[in-house]
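A quick write-up on the structure given underneath.
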Amino acid sequence: MILSAKHLKKTYIDSDQKIEVLTDACLDVASGDMICITGKSGSGKSTMLHIMGLLDAPDSGELIIGGNKIQAQSPKAPMIRNRDLGFVFQFHYLVEDLTATENVALPLMIAGQSETKARARAQELLCILGLSERLRRYPNQLSGGEQQRVSLARALANSPKLVLADEPTGNLDPTHSKEVWDLILSLNKGEFKQTFVIVTHDVEAAQAADQIFELVNGILIPA
Ligand SMILES: Nc1ncnc2c1ncn2[C@@H]1O[C@H](COP(=O)(O)OP(=O)(O)OP(=O)(O)O)[C@@H](O)[C@H]1O
Ligand SMILES: [Mg+2]
């Protein structure tokens, strides 16, 4: 398994109210998987993904990545986030004053690559994702779909074992949404065999996944 989430529990305290978001959430992700997580707004999908991505810590339960138990607070967590995991968010979170190439090169340079090599790899990825004409553009000079493709390229930069995507098409119109979904599918099915866990409220798009789970009452149920 690339990642196993075991019995995750997460409760938020909001003023004096206790919100039990995850009660006993379990998920196994194997290499090459394409897993979609659906569920109502507020059901805890983002919470689950953030915990899987070491961006947030559960109250209890375990996260095992590459066979090792790991906690979000661990000194090793930033390196695992940078090298083993890629993230795509609903809002792209690209750095506005960096070009498409520079945005994708950034995680490579953080991982220790030279600027020259990082730029070359960034350009290669952007070309694969159909953005060869957009390399020097800034995020605000790109369409929503293009911005999401750049953030997908950024997520793929360090050849992560797993890409976690939170509503990657949630902010796009149907045409751009389909474009990004098709790209994700081709990355999963094609030579990359990229493993994905994708949170989406788009139940129709989720049908393309090998496995679909619905988050209900803090538990992931096969849909
Ligand atoms: N930091 C926080 N403090 C308090 N409550 C929070 C916090 N983060 C999330 N919540 C609550 O936890 C619940 C789950 O939130 P989460 O963002 O995981 O839901 P979601 O399924 O991703 O929803 P959406 O589909 O709207 O994105 C919600 O009720 C939310 O209000
Ligand atoms: Mg969410």
Side-chain angles (χ1 to χ4, degrees), residues 3-29 33-65 70-74 77-78 80-81 85-94 144-145 147-152 154-155 160 162-174 176-178 180-181 183-184 188 195-223:
L3 181 149
S4 289
K6 294 190 188 294
H7 309 291
L8 298 180
K9 206 174 158 101
K10 181 81 177 175
T11 303
Y12 289 114
I13 312 283
D14 194 10
S15 51
D16 53 354
Q17 209 190 348
K18 225 170 115 179
I19 309 168
E20 291 196 326
V21 181
L22 302 178
T23 53
D24 188 16
C26 300
L27 186 67
D28 284 330
V29 185
D33 275 354
M34 163 89 176
I35 296 175
C36 278
I37 298 175
T38 65
K40 290 196 183 118
S41 179
S43 59
K45 304 180 299 295
S46 294
T47 304
M48 177 78 193
L49 209 70
H50 292 163
I51 292 175
M52 287 169 59
L54 300 171
L55 295 168
D56 198 359
D59 299 331
S60 64
E62 280 184 1
L63 199 68
I64 297 162
I65 298 180
I70 175 87
Q71 292 186 320
Q73 309 89 328
S74 159
I80 292 174
R81 275 198 296 266
L85 303 171
F87 294 91
V88 182
F89 299 96
Q90 177 173 358
F91 300 98
H92 54 76
Y93 293 125
L94 296 170
Q147 289 169 353
Q148 274 310 52
R149 281 191 277 157
V150 175
S151 57
L152 201 52
R154 178 182 56 183
L162 171 63
V163 171
L164 299 164
D166 193 356
E167 307 269 11
T169 61
N171 198 27
L172 302 178
D173 61 51
H176 287 115
S177 174
K178 186 172 181 316
V180 172
W181 267 112
L183 191 58
I184 287 172
N188 173 252
T195 312
F196 283 97
V197 174
I198 302 175
V199 161
T200 179
H201 60 253
D202 188 340
V203 179
E204 206 178 307
Q207 301 307 316
D210 308 319
Q211 298 178 61
I212 310 168
F213 293 90
E214 190 180 353
L215 191 46
V216 186
N217 297 328
I219 300 173
L220 282 172
I221 300 171

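Start at 1 and go down the list; that is how both ligands and their atoms are numbered. Positions are given from 1 along the sequence.
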What is the ring orientation for Phe89 with Tyr93, classed by angle as parallel under 30°, tilted 30 to 60°, or perpendicular over 60°? perpendicular
Report the part of Thr47 in contact with ligand 1, treating N, CA, C, O as backbone and CB onward as side chain, heavy atoms under 4.0 Å; options are side chain, backbone, both, neither. both
For Val203 and Gln207, the nearest pair of non-hydrogen atoms, with its separation, is O-NE2, 2.9 Å
Validation row: Val197, Leu3 side chains within 4.5 angstrom (heavy atoms): no
Between Cys36 and Thr200, which heavy-atom pair has the shortest distance, and what is it? SG-CG2, 4.3 Å
The Mg ion (ligand 2) to nearest N/O/S of Ser46 below 2.8 Å: yes
For atom 31 (O) of ligand 1, what's the nearest protein heavy atom and its distance? Ile19 CD1, 4.9 Å
Is Gly39 close enough to touch ligand 1? Criterion: a residue heavy atom under 4.0 Å from a ligand atom. no
Flag atom 7 (C) of ligand 1 as yes if some protein heavy-atom distance to it falls below 4.0 Å, otherwise no. yes
Quick one: does Gly44 get an N or O within less than 3.5 Å of an N or O on ligand 1? yes
closest protein heavy atom to atom 25 (O) of ligand 1 is Lys45 NZ, 2.7 Å
Looking at Phe91, is its backbone amide N or carbonyl O close enough to the side chain of Asn171 to form a donor-acceptor pair, meaning the two atoms are under 3.5 Å apart? no
With a 4.0 Å cut-off on heavy atoms, is Met48 touching ligand 1? no
Within-shell test, Val21 vs ligand 1, heavy atom, strictly < 4.0 Å: yes
Any donor-acceptor pair under 3.5 Å from Lys45 side chain to Gly39 backbone: yes
Please classify the His201 to ligand 1 contact at 4.0 Å (heavy-atom distances, strictly less than): side chain, backbone, both or neither. neither
Do Gly42 and ligand 1 have an N or O pair less than 3.5 Å apart? yes
If the cut-off is 4.0 Å to any non-hydrogen atom of Lys40, which atoms of ligand 1 fall inside it? 21 (O)
re atom 17 (O) of ligand 1, the protein heavy-atom contact at minimum distance is Ser46 CB, 3.7 Å
Any nitrogen or oxygen of Ser41 lying under 3.5 Å from a nitrogen or oxygen in ligand 1? Just yes or no. yes
Nearest to atom 11 (C) of ligand 1, what protein heavy atom do you find, and at what distance? Tyr12 CD1, 3.8 Å
Answer yes or no: does atom CG of Asn217 have more than 12 heavy-atom neighbours from other residues, nucleotides or ligands under 6.0 Å? no
Taking atom types as modelled, is there a side-chain donor on Ser4 or Asp28 under 3.5 Å from an acceptor on the other? yes
If you round to the nearest 0.5 Å, how far is CG of Leu164 from CD1 of Ile35? 10.0 Å
I need the minimum non-hydrogen distance between His92 and Leu94, along with the two atoms involved. ND1-N, 2.9 Å
So, for atom 23 (O) of ligand 1, does the protein have a heavy atom nearer than 4.0 Å? yes
Quick one: which ligand 1 atoms are inside 4.0 Å of a heavy atom on Ser43? 19 (O), 21 (O)
Counting only heavy atoms not in Gln73 (residues, nucleotides, ligands), do more than 12 fall under 6.0 Å from its CD? yes
